[in-house]
Amino acid sequence: MKTAIERFLKYVSYDTESDEASASCPSTAKQRVLAEQLRQELIELGAADVRVSEFGYVFARIPSTMDETLADAGDGAQMAAGSVRQQYGGRTPVLGFIAHMDTSPALSGANVKPRIVQDYDGGDIVLNEEKQIVMKVADFSFLPGLKGEDLIVTDGTTLLGADDKAGIAEIMTMAEHLLTHPEIKHGEICIGFTPDEEIGRGADRFDVADFGADIAYTVDGGALGELEYENFNAASGKVTIHGVSIHPGSAKLKMKNALLIGMEFQSLLPTFENPMYTEGYEGFYHLDVMNGSVEEAQMDYIIRDHDRAKFEEKKRFFADAAAFLNRKYGEGTVVCEIRDSYYNMKEKIEPCMYLIDTAEAAMRACGVEPIVVPIRGGTDGARLSYMGLPCPNLCTGGYNYHGKYEFIPVGSLEKTTEILVEIAKRIAE
Ligand SMILES: [Zn+2]
């Protein structure tokens, strides 16, 4: 038997950074190397139907240990009205667990050198003596709360990859536990490892029917106890400004400076509806990229709100800003393309709230207090939920994703694994 920690340390040695510039799937061939490793390992564990799709998705199955036709499944007459099983025609729903193999292009994931800080003293952590890279309590005020834990940290030159190799290690270790303990009663369990989540494509080639689950959890969240089923409604806003460039010496009343019109566009948006000033359920407009010259400029925005009505309102306001500038500078000066990216999964989870109740109960049974928080972003689960697979997000136990300060407490890796086993049991009850 391997521990989740052993697995995790092995998986982070694979560089699986995804690449937004690539059109292929997986976006980087190196993700296939980890996919192959996971395929091998699942076969060795005795999982069923282990397969890797042409797009690099790793799927497998842990068969049910219940006899659905007999007492395990309960007597139909005794089945409580509205019980989980009743929603699925008297059978235990097939449960999925999903994690992603790639790491964020925000920082290199090559040559990760994880180090375990034993019995953390609650103070600043020197990640790299030579380069003087220090994780400071002044920057991360939650650190002293982890005093006494063993923390897996980086050497300050790469990310760690707990996002989401912690999720993979936890799911794998759960799988081994269930496969070596056939006396544990659980329904059929599907396992899925996806490529390219970090570049927003993890759900693109996810074959929900082939995966075979009725419901699932992504294991891709943060600190131990986090449980998420609300995410942003999201759109992209691409603004192109057509200016008129003329020699500045003879430009009076002739020049239209696309850069200045772009600045004016930004100034029309509500100042405080900006990522710098928002939290919780507050939405925003975020200017992500700005390029240009007098003749032409482009601005790439993202628009976010948890509330669908406010989201629609934000998109209207954004388009109105462009329309206003067109009235001022001439039709066609500002071209604005708004495209929806994904929606809040809440409306797809609400009909099966037992997913949340079960996860909360499982956490409490493992001595972890659940923390339900709205995601200020999206997850693959949000898109999968709209593809017919309701899919809230569970914690992995990690912190400070996508950067050199990423770390995960050893105890959180172990606890999350325990929680997954507990969920598998409870879904079948
Ligand atoms: Zn992730």
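Both ligands and their constituent atoms are indexed starting at 1 by order of listing. The basis for the numbers below is simple: all heavy atoms, side chains too, and nothing from hydrogens, waters or symmetry mates. Just so you know, residue 1 is the first one in the sequence shown, and it goes up from there.
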Discussion item. Taking ring-ring contact (aromatic ring centres under 6.0 Å, His included) as the cut-off, I'd like each qualifying pair that reaches into residues 111-136, sequence neighbours left out, listed once.
Written reply: none

Worksheet item: Should Lys2 and Glu176 count as an ion pair when the cut-off is N to O under 4.0 Å?
Response: no

Worksheet item: What N, O or S atom of Asp220 is found closest to the Zn ion (ligand 1)?
Response: OD1

Worksheet item: Is the Zn ion (ligand 1) under 2.8 Å from any N, O or S atom of Asp163?
Response: yes

Worksheet item: Do any of the N, O or S atoms of Glu197 sit under 2.8 Å from the Zn ion (ligand 1)?
Response: no

Practice prompt. Only counting residues at least two apart or in another chain, list the ones meeting side chain to side chain donor-acceptor pair (under 3.5 Å) with Thr3.
Written response: Glu6

Discussion item. Against Tyr281, only a single residue in His306, Glu230, Lys310 fulfils side-chain hydrogen bond (donor to acceptor under 3.5 Å, both in side chains); can you say which?
Written reply: Glu230

